[in-house]
Protein chains: 2
Amino acid sequence: MSRALDFLTEALRRLPGVGPKSAQRMAFHLLQHDREGAAQLSRALYEAVDRVHHCALCNTFSDTEVCELCADPERDRTLLCVVETPADQMMIEQTLTWRGLYFVLMGRLSPLDGIGPRDLALDKLVTRATDGVVAEVVLATNFTNEGEATAHYISEMLKARGLQVTRLARGVPVGGELEYVDPGTIARAMLDRRGA
Amino acid sequence: MSRALDFLTEALRRLPGVGPKSAQRMAFHLLQHDREGAAQLSRALYEAVDRVHHCALCNTFSDTEVCELCADPERDRTLLCVVETPADQMMIEQTLTWRGLYFVLMGRLSPLDGIGPRDLALDKLVTRATDGVVAEVVLATNFTNEGEATAHYISEMLKARGLQVTRLARGVPVGGELEYVDPGTIARAMLDRRGA
């Protein structure tokens, strides 16, 4: 067939969740129906690799030395929220409830996948959190086993340096009906009950 | 966040089957864990758009004017097999039962998707099949409604030009147990029964 096509199919398989059949389907689609899209994707990949690096302060993806959010003078610089990914950060931003800054781990501790403390930017987090301005660090990692372990690890690390460390509240989701909420969540909500 | 990242996420959505969430996941993965893969994919796309065109004879994807298979002197040039896609062609090649050449439609008639006779390379097929050498055209389009309609259309077109036109046999699959084969297939196998 075509060596350039084989090369493309092979390269598409490096995308997460794309197996041999999908890679072939994608390659055929681009070449048959969307060559402009293929050219655009080629440029976008080139530019992203060339330009995107990590914000010097919050570690998220950024085209500039310090990202827009970290550079925003309206933000409360005494508050730092730690999240796993830029996607999580965006979700929190959408709630419009957080006026502090962020630190993006770009992952989570996951011994089974071989991701230990050295693979996350934990040194960078310690430097960031102990800048003398940050007073409270809110841990907003996921409530999965790995996210919880990550939160615990960071909590110990930062408390030892005299920082106030908090964790997102767990409980029944908004709109949740008790009959359909899992028992673990109800148990947690019961333990963490608060004055009404 | 990062404009280069937004541009990449947008471009990834042009891949078939990739929605906003997957595009974001792919972009994060490439930038965080596989920048080399991203650079490789960028080059592969660029080269594919630049080099891959359609074989002058069989219409499949090829880097050269005429693809390797069409240029092979060992092939029987009196036999032409019509398939929908390069993937179908590869499946037939794998059976090692076909010693003729191919014509790849790069699609199928599909009025619901707005794909009519003009969107397939049917003129090219007529020119190819009436070269004076081809004696038999085997229609190997899929046995779906659209594939059957495409086969019917091509069959009428080529028979009118005096060519022998055949269709892949339908029947019970190899290893098939009658109890688990659908009635339509059994009915077809009964109608098409042959001397034992």
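Because the structure is predicted, anything quoted here is derived from the model rather than measured.
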So which residue, [options], ends up with the most heavy-atom pairs under 4.5 Å with chain A?
{"options": "B:Arg51, B:Glu47, B:Met106", "value": "B:Met106"}
{"options": "B:Ala44, B:Ala39, B:Ala48", "value": "B:Ala44"}
{"options": "B:Gln40, B:Arg43, B:Arg13, B:His54", "value": "B:Gln40"}

Could you have a look at [options] and say which one has the most heavy-atom pairs with chain B under 4.5 angstrom?
{"options": "A:Ala4, A:Ala27, A:Ser42, A:Gly17", "result": "A:Ser42"}
{"options": "A:Gly37, A:Cys55, A:Pro16, A:Ala38", "result": "A:Pro16"}
{"options": "A:Gln32, A:Lys21, A:Arg25, A:His29", "result": "A:Gln32"}

What distance do B:Arg3 atom CZ and A:Ser62 atom OG have between them, rounded to the nearest 0.5 Å? 12.5 Å
Enter the distance from B:Leu45:CG to A:Met26:CE here, rounded to the nearest 0.5 Å. 11.0 Å
[Y] reachable from [X] in the ILVMFWY side-chain graph, under 4.5 Å edges:
{"X": "B:Val82", "Y": "B:Phe143", "value": "yes"}
{"X": "B:Phe7", "Y": "A:Val52", "value": "no"}
{"X": "A:Leu125", "Y": "A:Val133", "value": "no"}
{"X": "A:Leu57", "Y": "A:Met90", "value": "no"}

Side chains of [X] and [Y]: closer than 4.5 Å at any heavy-atom pair?
{"X": "A:Val49", "Y": "B:Glu36", "result": "no"}
{"X": "A:Leu8", "Y": "B:Leu41", "result": "yes"}
{"X": "A:Leu5", "Y": "B:Asp63", "result": "no"}

Is [X] close to chain B through its backbone or its side chain, or both, or neither, when contacts mean heavy atoms under 4.5 Å?
{"X": "A:Leu12", "answer": "both"}
{"X": "A:Gln24", "answer": "side chain"}
{"X": "A:His53", "answer": "backbone"}

Hey, is [atom1] on [X] packed in by over 12 heavy atoms from elsewhere, all under 6.0 Å?
{"X": "A:Asp131", "atom1": "CG", "result": "yes"}
{"X": "B:Asn145", "atom1": "CG", "result": "no"}
{"X": "B:Asp192", "atom1": "CG", "result": "yes"}
{"X": "B:His152", "atom1": "NE2", "result": "no"}
{"X": "B:Tyr46", "atom1": "OH", "result": "no"}
{"X": "A:Glu177", "atom1": "CD", "result": "no"}

So, A:Arg14 and B:Asp34, do they make that salt bridge, N to O below 4.0 Å? yes
A:Phe28 ring center near B:Phe61 ring center (under 6.0 Å):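 Centroid distance A:Phe28-B:Phe61: below 6.0 Å, so yes.
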List the steps, then state whether side-chain contact (heavy atoms from CB on, under 4.5 Å) holds for A:Val18 with B:Val18. CA-CA 10 Å; A:Val18 175; B:Val18 175; 6.0 Å; no
What part of B:Leu69 lies closer than 4.5 angstrom to a heavy atom of chain A: side chain, backbone, both or neither? neither
